[in-house]
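Contents: one structure, followed by commentary.
Naming convention: chains lettered A, B, ... in sequence-line order (proteins, then strands); numbering from 1 in each chain.
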Amino acid sequence: MAKAIPSRSENYSEWYNELIKRADLAENSAVRGCMVIKPYGFAIWEKMQRALDDMFKETGHQNAYFPLFIPKSFLSKEASHVEGFAKECAVVTHYRLKNAEDGSGVIVDPEAKLEEELIVRPTSETVIWSTYKNWIQSYRDLPLLINQWANVVRWEMRTRIFLRTAEFLWQEGHTAHATAEEAKFETRQMLDIYAQFAEEWMALPVVKGTKTANERFAGADDTLCIEAMMQDGKALQAGTSHFLGQNFAKAFDVQFLNKQNQLDYVWGTSWGVSTRLMGALIMAHSDDDGLVLPPKLAPIQVVIVPIYRSEEQLESLSAKIKPLVQELRKAGVSVKYDDSDANKPGWKFAEYELRGVPVRLAMGGRDLENGTVEIARRDLKTKETVPFEGLTEHIKNLLDDIQQTIYTKAKTFRQANTYKVDTFDEFQVQLDKGGFILAHWDGTSETEEAIKEATKATIRCIPFDQEAEEGVDIFSGKPSAGRVVFARAY
RNA sequence: CGGGGUGUAGCGCAGCCUGGUAGCGCGCUACGUUCGGGACGUAGAGGUCGUGGGUUCGAAUCCCGCCACCCCGACCA
């Protein structure tokens with residue numbers, strides 16, 4: 001018999017790791033720092049992909065695919081970009097193996113050294129902008145709105161499943177525009193889409209804002225982000241959208257003739273979310289009994305468990321349940337009817353709770369007589385017995401309610417763990433309790449660095465909804481025009 | 001890259017100190033009884049003990065090298 005997973009209060013990160021394993025989402029692979037995403041976990045990712053992809057398409061973007069490998073020279077064309085990524089790149093140096101002469105196995109053939117090393121993409125700005133140079137000549141070629149679903153590699157020192165793996169899956173949008181205004185609009189539009197996705201699909205409230213210069217993407221003029229709060233009070237950057245200015249256009253010489261017949265550099269954006277969102281989803285909602293999934297992303301929204309003593313009883317239950325399954329599917333609800341006799345009902349209950357299935361129906365002899373069914377919701381762990389008639393409508397409403405309830409719960413939690421703080425002492429005390437801290441900052445990188453050094457807290461963002469408020473920096477005592485969001489982060 | 005730890009059945013572990021025919025729980029297979037919150041019985045299957053060398057009559061156990069992974073730091077989405 002499987003035991004309970006470690007509790008969140010006991011050991012949050014062990015709870016997280018164990019939950020991923022037990023809910024069958026993913027596991028560590030034979031390759032250092034790289035995960036295997038298992039079918040159940042991948043099904044969630046596919047739902048995320050679908051929703052996001054639809055949103056990208058609705059806003060005029062098209063998908064394309066660019067190479068996994070990037071010539072080393074490309075990476076160095078944008079100075080701050082190479083500086084940001086150089087320390088974590090996987091490099092391909094050879095193209096052939098051969099049998100070792102001593103028979104000990106295969107070795108890299110020293111004869112097969114590449115003229116120019118290839119970098120496994122940590123992100124694709126460089127290879128994409130080198131391509132855009134050929135695609136863009138006139139303002140009529142703009143805007144160019146491209147997205148790519150891909151894997152990337154960043155050779156991280158320490159990895160954690162979904163949150164930080166050496167290889168991860170993501171989408172990266174790369175757009176080119178005729179004017180700065182247009183590019184800035186795009187940057188903001190895509191951030192808003194991420195926020196909408198997080199809130200409506202993941203039931204995850206996010207703070208939208210701007211990164212400070214320190215936290216900005218390597219090669220961007222401006223980085224916008226959404227920040228979410230996990231149940232341990234730490235912040236998690238859930239998505240970023242960058243205004244690239246003309247940096248990459250200049251680095252890769254991407255120019256166009258504008259309407260005034262003048263040659264100008266193209267304005268760019270890039271934006272991405274990754275399988276890290278899986279980590280956010282898990283940490284934001286789940287509890288000590290297992291995963292809690294928002295219905296909109298749950299691979300199985302409703303599971304039906306028959307309770308029977310004999311084959312005949314199972315048959316009469318199935319006779320009622322199978323049409324219900326069809327009806328629910330027709331209504332767009334994903335249903336699993338678990339009539340396998342491999343496990344007892346109690347085992348199934350626990351298993352589907354672990355996997356975060358939002359709604360569970362149980363039907364046995366009693367229900368057969370009464371024309372009822374037991375319906376349980378995962379988020380609140382409540383059960384009720386309802387009439388079998390009109391179930392589809394009831395379930396659809398219930399799924400909507402669960403989606404909303406999970407969101408509200410997360411939002412209430414965030415509000416309860418967000419504090420305004422005005423002194424550095426108070427700041428340090430509050431920080432150890434976890435949560436977001438709204439505090440004044442003098443706007444300098446030096447102060448930000450000093451606070452990070454002293455407390456490990458970073459400025460998550462300068463929120464868009466920042467109120468104008470005169471104050472003094474909690475650390476330096478210098479004047480400040482508004483509060484920013486500080487937190488310890490993943 | 002620094003500090004700590006672990007490699008024994010699919011998974012989780014014991015055995016190692018004190019060398020002598022490799023064990024437990026879960027899972028798996030078959031059959032039967034069970035089935036409204038993680039069932040039980042009976043019978044089975046499954047391991048070159050991470051790897052290379054050394055000591056020894058004999059090594060999972062002692063010695064040396066190597067490799068891998070995990071945790072804690074520095075780095076990061």
Return the value, rounded to whole Å, for the distance between atom [atom1] of [X] and atom [atom2] of [N].
X      : N     : atom1 : atom2 : value
A/N28  : B/C11 : CG    : P     : 13 Å
A/E215 : B/C75 : CD    : C1'   : 13 Å
A/L361 : B/G36 : CG    : P     : 17 Å
A/H81  : B/A77 : NE2   : C1'   : 14 Å
A/L317 : B/C35 : CG    : P     : 14 Å
A/D338 : B/G37 : CG    : C1'   : 15 Å
A/D341 : B/G32 : CG    : C1'   : 13 Å
A/F349 : B/A39 : CZ    : P     : 11 Å

Write down the partner of [N] under the Watson-Crick or G-U wobble criteria, each distance required to be under 3.5 Å.
N     : value
B/G25 : B/C11
B/G65 : B/U51
B/C40 : B/G32
B/G2  : B/C72
B/C57 : B/G20

Starting at the 5' end of RNA chain B, which residue's closest nucleotide do you reach first, A/Y490 or A/T159? A/T159
Between A/T240 and A/A350, who's closer to the 5' end of RNA chain B by nearest nucleotide?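 Of the two residues, A/A350 wins.
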Quick check on contacts: within [range], what sits under 4.0 Å from RNA chain B by heavy-atom distance?
range                       : answer
residues 119-129 of chain A : none
residues 296-311 of chain A : A/I307, A/Y308, A/R309
residues 43-55 of chain A   : none

Can you figure out which of [options] approaches the side chain of [X] most closely?
X      : options             : result
A/R366 : B/A77, B/G37, B/G36 : B/G36
A/E156 : B/G37, B/A77, B/U34 : B/A77
A/E374 : B/G37, B/A74, B/G36 : B/G36
A/P345 : B/C70, B/G36, B/A77 : B/G36
A/Q237 : B/A77, B/G37, B/A74 : B/A77

Using atom [atom1] of each nucleotide, how far apart are [N] and [M] to the nearest Å?
N     : M     : atom1 : value
B/A60 : B/G20 : C1'   : 13 Å
B/U51 : B/C57 : P     : 25 Å
B/G15 : B/G23 : C1'   : 7 Å
B/C71 : B/A30 : C1'   : 43 Å
B/G50 : B/C16 : P     : 16 Å
B/A14 : B/C1  : C1'   : 35 Å
B/G38 : B/A74 : P     : 45 Å
B/C40 : B/A45 : P     : 23 Å

Taking the basic N atoms (NZ, or NE/NH1/NH2) and the acidic carboxylate oxygens, is any pair closer than 4.0 Å for [X] and [Y]?
X      : Y      : answer
A/D222 : A/K211 : no
A/D289 : A/K381 : yes
A/E27  : A/K38  : yes

ring-ring contact (aromatic ring centres under 6.0 Å, His included) partners for [X], two or more places apart:
X      : answer
A/H81  : A/F85, A/F217, A/F248
A/F168 : A/W170
A/Y12  : A/W15
A/F56  : A/W271

Going by modelled atom types, is there a donor-acceptor pair between the base of B/G37 and the side chain of A/K383 at under 3.5 Å? yes
Under-3.5 Å donor-acceptor pair between A/D367 side chain and B/G36 base: yes
Taking side-chain hydrogen bond (donor to acceptor under 3.5 Å, both in side chains) as the test, write out the residues that go with [X], two or more places apart.
X      : value
A/K322 : none
A/N151 : A/R121, A/E167
A/N147 : A/N63, A/Q171
A/T165 : none

Distance below 4.0 Å between A/K87 side-chain N/O and B/A74 OP1 or OP2: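 For A/K87, the contact criterion (side-chain N or O under 4.0 Å from OP1 or OP2 of B/A74) is not met.
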Can you tell me if the side-chain N/O atoms of A/K344 get under 4.0 Å from OP1 or OP2 in B/A39?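 It does, given that an N or O in the side chain of A/K344 lies less than 4.0 Å from OP1 or OP2 of B/A39.
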Would you say A/T126's side chain and A/F74's backbone share a donor-acceptor pair under 3.5 angstrom?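 Between the backbone of A/F74 and the side chain of A/T126 there is no qualifying donor-acceptor contact (under 3.5 Å).
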Should the ring pair A/W45 and A/W149 be called parallel, tilted or perpendicular, given that the plane angle runs from 0 to 90° and is split at 30 and 60? perpendicular
Within the structure shown, what part of the strands sits under 4.0 Å from [X] by heavy-atom distance: base, sugar-phosphate, or nothing?
X      : answer
A/G239 : nothing
A/R160 : nothing
A/L163 : base
A/T165 : base

Less than 3.5 Å apart, which donor and acceptor atoms pair up between the side chains of residues 292-309 of chain A and the rest of the protein, not counting sequence neighbours?
from: A/Q301; atom 1: OE1; to: A/S334; atom 2: N; distance (Å): 2.9
from: A/Q301; atom 1: NE2; to: A/P295; atom 2: O; distance (Å): 2.9

A/F252 ring center near A/Y132 ring center (under 6.0 Å): no
